[in-house]
Amino acid sequence: MKVIYIKCTLILSLLVAFAACSDNMGDVDNSLSDVTSLTEPSDGKTVVLEPSVSAALYFEWEHTTGAGISVYQIAFDKAEGDFSNPVYMMVADNNGYNNNVTITHKQLNKIAGMVGISPAATGTFKWTVFSAKGTKTMRAARENKITITRLAGFEDVPVDVFVTGEASEGGADLSKSHKMKAVAGGEFEVYTKLAAGKPFYFTDGKTGTPREFYTEGGVVKEGGTSTVATDGVYRITLDFNTGAATYTLVTRISFFFSPDDAYLFDLPYEGYGIFKAKQQTVTFKQESWGRDERYKFRMFVKENGGADPEKELEWGTLNGTDSRPNATSPESYYYLLLLDNLTQWDNKWKLMGDFDDVPADYTIYLTADQPYTHTITK
């Protein structure tokens with residue numbers, strides 16, 4: 001009897017010990033420590049921002065110590081701020097789990113504006129990191145200063161932008177100015193024809209006395225006029241957030257017939273962003289499985305205002321498809337997407353059967369108030 005009692009007591013003790021162990025193992029360790037070191041960029045770093053879309057600055061800090069995994073946010077504040085109400089915060093890379101983040105110069109330019117630095121001016125602000133675990137957050141023990149020279153953008157970016165002036169398609173008549181396409185907030189582009197050596201400029205309206213802009217050395221400025229060295233059709237981009245401007249000379253757009261891996265005809269420029277080839281005939285290619293009608297467009301350009309060597313870009317389908325259209329197909333079937341990579345078969349459309357060996361007009365619309373698209377009509 002005594003032996004049985006001892007055994008029962010032992011089993012009961014083991015069960016109690018196991019339960020205690022399970023309770024401890026189930027506890028979530030919410031201990032949180034702060035970031036103790038900001039490693040990159042170093043304190044007092046000076047950066048001159050660049051308008052290139054690839055320009056960026058890398059930020060890094062030490063991981064927190066202690067149990068569990070922290071997530072991080074980088075915070076920016078004015079030079080005299082205490083981060084109690086940061087001017088701007090963003091999550092670190094990898095949804096906050098990395099101890100680093102890469103921030104584009106364009107983003108930094110906006111942050112610099114938020115702390116009060118004027119366009120093209122130089123100013124200093126600071127950054128730190130907040131670590132978080134569950135509902136707990138903790139500010140880093142360190143904060144680094146950074147000095148930024150902002151891009152030459154505009155605080156008050158226009159809603160609409162137009163091309164006008166003697167060299168433009170509408171001439172000096174403001175009411176005939178060529179509207180640019182808004183591709184993002186403060187960013188615009190246009191395909192337009194310009195005459196060499198004659199002045200043109202940009203406005204934020206086509207009536208009354210609108211604001212006027214011009215470009216110089218790849219930078220958008222207010223007041224004044226611009227010129228180009230070569231007559232031709234240009235793709236012009238203006239970014240009023242960064243002040244960046246680019247000019248690309250468009251030498252031609254061609255109809256590319258995928259089955260023959262060949263250009264069949266060019267689409268001459270008609271004006272105001274429209275390219276059109278009239279009464280062109282495309283004969284589908286006979287294959288063992290049927291008639292092949294796949295096509296797209298190629299655009300030949302010279303970047304840097306026409307100074308660079310000619311290169312090819314591709315206008316392919318925005319919405320991938322592998323079927324022939326018909327009279328009831330949506331307009332979106334014909335929407336265009338500009339691509340850097342050239343392929344024979346990818347991003348193609350198919351012609352309707354009615355256009356096999358039949359003369360038709362092929363028109364591309366690179367215009368402001370609709371998606372870039374094209375039509376094929378008899």
Side-chain angles (χ1 to χ4, degrees), residues 32-65 70-133 135-158 184-187 217-222 238-245:
L32 178 64
S33 60
D34 60 345
V35 171
T36 58
S37 178
L38 307 178
T39 55
E40 184 66 31
S42 59
D43 190 24
K45 175 83 171 182
T46 298
V47 180
V48 178
L49 299 182
E50 300 174 5
S52 168
V53 294
S54 62
L57 188 62
Y58 178 75
F59 291 78
E60 185 178 0
W61 50 90
E62 294 291 338
H63 277 296
T64 57
T65 60
S70 296
V71 293
Y72 305 98
Q73 280 187 299
I74 188 170
F76 296 89
D77 208 345
K78 296 179 179 180
E80 67 278 9
D82 60 3
F83 292 100
S84 59
N85 184 26
V87 169
Y88 186 80
M89 295 183 72
M90 68 183 295
V91 176
D93 287 346
N94 191 27
N95 294 318
Y97 288 99
N98 282 10
N99 63 321
N100 54 69
V101 64
T102 299
I103 305 180
T104 65
H105 280 201
K106 192 170 181 178
Q107 289 174 299
L108 286 171
N109 189 60
K110 291 181 178 179
I111 295 169
M114 294 171 71
V115 301
I117 303 171
S118 300
T122 300
T124 299
F125 52 101
K126 55 187 179 181
W127 66 277
T128 193
V129 175
F130 284 81
S131 53
K133 192 183 296 182
T135 59
K136 298 179 181 179
T137 61
M138 184 175 291
R139 181 166 67 87
R142 293 284 308 277
E143 55 187 44
N144 280 1
K145 290 185 177 180
I146 184 169
T147 298
I148 295 288
T149 300
R150 284 192 66 192
L151 298 166
F154 293 80
E155 295 291 352
D156 182 17
V157 300
E187 299 177 36
V219 177
V220 184
K221 300 181 179 181
E222 195 154 1
L238 303 179
D239 187 341
F240 286 85
N241 304 300
T242 64

Interatomic distance, NZ@K136 vs CG@L32, rounded to 0.5 Å, equals 7.5 Å

Tightest non-hydrogen contact, residues G153 and P119, listed as O-CB, 3.0 Å

Within the structure provided, determine whether I103 and F76 are in side-chain contact (heavy-atom separation under 4.5 Å).
yes

Side-chain touch L38/W127, heavy atoms, less than 4.5 angstrom: yes

Minimal heavy-atom distance between R150 and G113, with the atoms involved, is NH1-CA, 3.3 Å

Any donor-acceptor pair under 3.5 Å linking the side chain of N98 with the backbone of N100? no

When every non-hydrogen atom of K126 is compared with those of E80, the smallest separation belongs to NZ-C, 4.4 Å

- Quick one: do the T64 and S131 side chains pair a donor with an acceptor below 3.5 Å? no

Query raised in the report: Can you tell me if S33 uses its side chain to pair, donor with acceptor, with the backbone of T65 under 3.5 Å?
Result: yes

Q | Test item: D77 side-chain N/O and F83 main-chain N/O as donor-acceptor pair under 3.5 Å | A | yes

Taking every heavy atom of A141 against every heavy atom of D34, the minimum-distance pair comes out as CB-OD2, 3.3 Å

| said: Distance alone, cut at 3.5 Å: any donor-acceptor contact between the side chains of S54 and S52? | reply: yes

Quiz prompt | Side-chain (N144) to main-chain (P41) donor-acceptor, under 3.5 angstrom | solution = yes

Give a yes or no on whether the backbone of R142 and the side-chain of T128 come within a donor-acceptor separation of less than 3.5 Å.
-> yes

**Prompt:** Heavy-atom count around D82 CG within 6.0 Å, excluding the residue itself: above 12?
**Reply:** yes

Mind checking whether H63 and Y72 have parallel, tilted or perpendicular rings, split at 30° and 60°?
tilted

Checklist line | Side chain proximity check, I146 to L57, heavy atoms < 4.5 angstrom | finding: yes

Output for pair (Q107 CD, T102 OG1), nearest 0.5 Å, gives 10.0 Å

In this structure, NZ of K110 is separated from OG1 of T242 (nearest 0.5 Å) by 10.0 Å

One should read off an interatomic distance between T39 OG1 and Y58 OH, to the nearest 0.5 angstrom, of 7.0 Å

One should read off an interatomic distance between E40 CD and N99 CG, to the nearest 0.5 angstrom, of 12.5 Å

Closest heavy-atom pair, A132 versus T137, reported as atoms and distance to 0.1 Å, is CB-CG2, 3.8 Å

- Message: Check whether N109 reaches the backbone of N241 with its side chain - one donor and one acceptor, N or O, closer than 3.5 Å.
- Response: yes

The reported gap from CG in L108 to CD in E50 (rounded to nearest 0.5 angstrom) is 12.0 Å

Mind checking whether F125 and K78 have side chains closer than 4.5 Å, heavy atoms only?
no

Residues T122 and T149: closest non-hydrogen pair is OG1-OG1, 2.7 Å

